[in-house]
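Okay, structure first, notes after.
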Amino acid sequence: MPPYNRPLSFCERRGAVFNEELSLNTHSVKLSQQRPRGPPTPSMSTPAADFEQVTGSPPPPPTPAASPGPSHSRLNWSNAGEDEEAYLSGLRNYFVQCNGGQRTRLLADLLNLCTSGQLSFVHQFVSPLLKKDPFTTLPDELCLRILSFIDDPKVLARASQVSRRWRDLLSDDMTWKNLCLKHDYQRRLSEVQPPPTHPTVTPGPEAQSFGRQDEDSMGQDVSGALTSVSLPATFEGSANARPVLRSYKSHFKQRYLVDAAWRAGGQNVSRNITQDGGVVTSLHLTPKYIIVALDNAKIHVFDTEGNALRTLQGHVMGVWAMVPWDDVLVSGGCDRDVRVWDLSTGACLHTLRGHTSTVRCLKMSDANTAISGSRDTTLRIWDIRTGLLKNVLMGHQASVRCLEIKGDVVVSGSYDATAKVWSISEGRCLHTLQGHYSHIYAIAFDGQRVATGSLDTSVRIWNAQTGECQAILQGHTSLVGQLQMRGGTLVTGGSDGSVRVWSLERFCAIHRLAAHDNSVTSLQFDDTRVVSGGSDGRVKVWDLKTGNLVRELVTQGEAVWRVAFEDEKCVAMALKNGRTVMEVWSFSPPAEMLQERSMLPPKRRLDGGPVPDRPLSAFSLDYRGPDSAGGIQDVDMVDAGPSTAPLQQTGSTFFHDE
């Protein structure tokens, strides 16, 4: 009996043929020396052997990647023999009885006998069997840990459609809470700012004036970064009510959609205010009203959609200052009167007289107290509930141009080139801030620091407790008439058309924005964006972190008088074609986009009860299902550690979006 000779494998046969052809053609073909090849492109498969092309011949075409095929190709048994099934049955029985080594040798021998097409079929058949979903085998805590490193919400949204298991994991609120932290969607800026490092003041009358500070003046700056925050954006009384945001996922979705609308989107409504191009002297946007004051002695009141509600008439001359508080409005102007209005009815509640010249600025310290500054060099403190004068603050030598209030302290800027710090309760001057060489046009106050902008082109930072000048910020080349301070950031706008963002920790410029071709007439910023309006007729939106231009909201105006915005709404007063026009932009996402919709059928529990749409490992140990006492509560947006912190199970981390 002849000995058994193992048949040659396909690779051996292919190598033998190649060697034979190479030996027959060495007299006519000259192979070039091999050079190291670069890595293959992702769209090409790696060649089995590195053959160098013949000198002067065109380069070979790239080897295309294998086309994707079905997970398991259906075999064709139409031409199978009658005894084929019997042979296969015997082979299967033999393969089942073999040990691991025998199975490996049998498979290797069979594969060596296969052609390229057959090997390709084996590859397509085996590849899906080797793919495993790691989330089906890993514990929930480790899966959530992996998901915490994903920053792109679109990736998470697509991943939630892979399977029910993936959807359950991505319903965990801890994942979206970490994403809120990464995108700075979590809390108010004031809650993440470092407490001021000012020395403690000895208790006394002067120190007591600084005791009641606004919450927004406290906090911690995370390594100097400009964090993003959302203020309450749902307008009370709005007809377009939307679902209550109960989870971090719905909170993130709402904030993400609003930011996307600010970048490219939103709905715009225009309203003609006057036909003669009256100058807008003041603009306020509240949760219930849009209030516009003009130099023609009228005050127009609109709802937040831009629909006219009423016009307040009573001032004899132009209105130059006003301040709202809920349904109460306090206004002042060239007629030297301060008037108190009921916005819900339009009635004038009080007319406060005492100033001897134009009322130039107005602020309220609480619901019952208003403070007015006038060209008669005085500040007057009014009780708007009774209509009585409480105190007169005297000390400036020229017109009082601006003022700000925090707690029991009011700061004022004057054309006498000084700023003063006053105690409201005591009615006396605590400090006089001297250093500017010309008129002070703008002032900002956060309870600890005072910023003043002057005609001398400089911005000065003062310590409100000691009265000393901490820094002089220079860079503007003309009048600095716009100031806003928020946390550790100061934004200024000047008549030179530039907007500058300053760090109050390092007293240096972060961004220098060539914003407008002419004076910056209005400026406002939050923790995400800066909105500026200029006398060039444009309203521009800037990214606070990068300083990049996001978009232009108004581009074809002759001038922009005022701009005011909240998280989901922006109002601009502009002059267009000789008419005063109000443009109202809304960036609120539609209510249906905030609804959570599941594309998978509902799950069933073995005991017949409902199954929560999230892993049970995320619940606290005493979870008893939806019928447990207490029900679902609104989320308290408490602090969460960084995304790399270990996941903890100290309570329920899931909340249904209803």
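Owing to the predicted nature of the structure, the values given are computational and were not obtained by experimental measurement. Throughout, residue positions are numbered sequentially from 1 according to the sequence presented.
No side-chain heavy atom of Arg263 sits under 4.5 Å from any side-chain heavy atom of Arg551. By the 4.5 Å heavy-atom criterion applied to side chains, Leu343 and Leu312 are counted as neighbours.
Between Lys576 and the options Glu583, Glu558, Gln556, a side-chain hydrogen bond (donor to acceptor under 3.5 Å, both in side chains) holds for only Glu583. Exactly one of Thr492, Asp496, Leu473 qualifies for a side-chain contact (heavy atoms from CB on, under 4.5 Å) with Val480. That residue is Thr492.
Of the possible donor and acceptor atoms, none in the side chain of Asp173 sits under 3.5 Å from a partner among the backbone N and O of Ser247. Panel note: side chain Arg460, backbone Gly435; a donor-acceptor pair is recorded below 3.5 Å. A distance-only check finds a donor-acceptor pair linking the side chain of Gln484 to the backbone of Phe525 [under 3.5 Å]. Proximity of a side-chain donor or acceptor of Asp456 to a complementary backbone N or O of His436 within less than 3.5 Å is not detected. The backbone N or O of Ile290 sits nowhere less than 3.5 Å from a side-chain atom of His300 that would complete a donor-acceptor pair. With hydrogens and angles ignored, the 3.5 Å screen pairs no side-chain donor or acceptor of Glu552 with any backbone N or O of Arg538. Looking at Thr521, its side chain does come within 3.5 Å of a backbone N or O of Val560 through a donor-acceptor pair. Checking side-chain atoms of Asp517 against main-chain N and O of Asp536 turns up no donor-acceptor pair under 3.5 Å. At distances below 3.5 Å, at least one donor-acceptor pair connects side-chain atoms of Thr281 with backbone N or O atoms of Val319.
Annotation: cation-pi geometry not satisfied between Arg449 and Trp502 (NZ/CZ under 6.0 angstrom from ring centroid, within 45° of ring axis).
Here Lys288 does not pair with Asp326 in a salt bridge; the nearest charged N to carboxylate O distance is not below 4.0 Å.
Using modelled atom types, one finds no donor on one side chain facing an acceptor on the other under 3.5 Å when comparing Tyr441 with Arg401. Residues Ser535 and His516 bring no donor and acceptor atom of their side chains to less than 3.5 Å of each other. With hydrogens and angles left out, the side-chain atoms of Tyr248 and Asn178 include no donor and acceptor closer than 3.5 Å.
Nearest approach of Ser148 to Arg145, heavy atoms of both residues: OG-O, 2.5 Å.
A 6.0 Å sphere centred on CG of Asn577 holds no more than 12 heavy atoms belonging to other residues, nucleotides or ligands.
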Checklist line | Intermediate values then yes/no, side chain to side chain contact (heavy atoms under 4.5 Å, CB included), Met573 and Thr580 | finding: CA-CA 7 Å; Met573 304 301 303; Thr580 301; 4.2 Å; yes

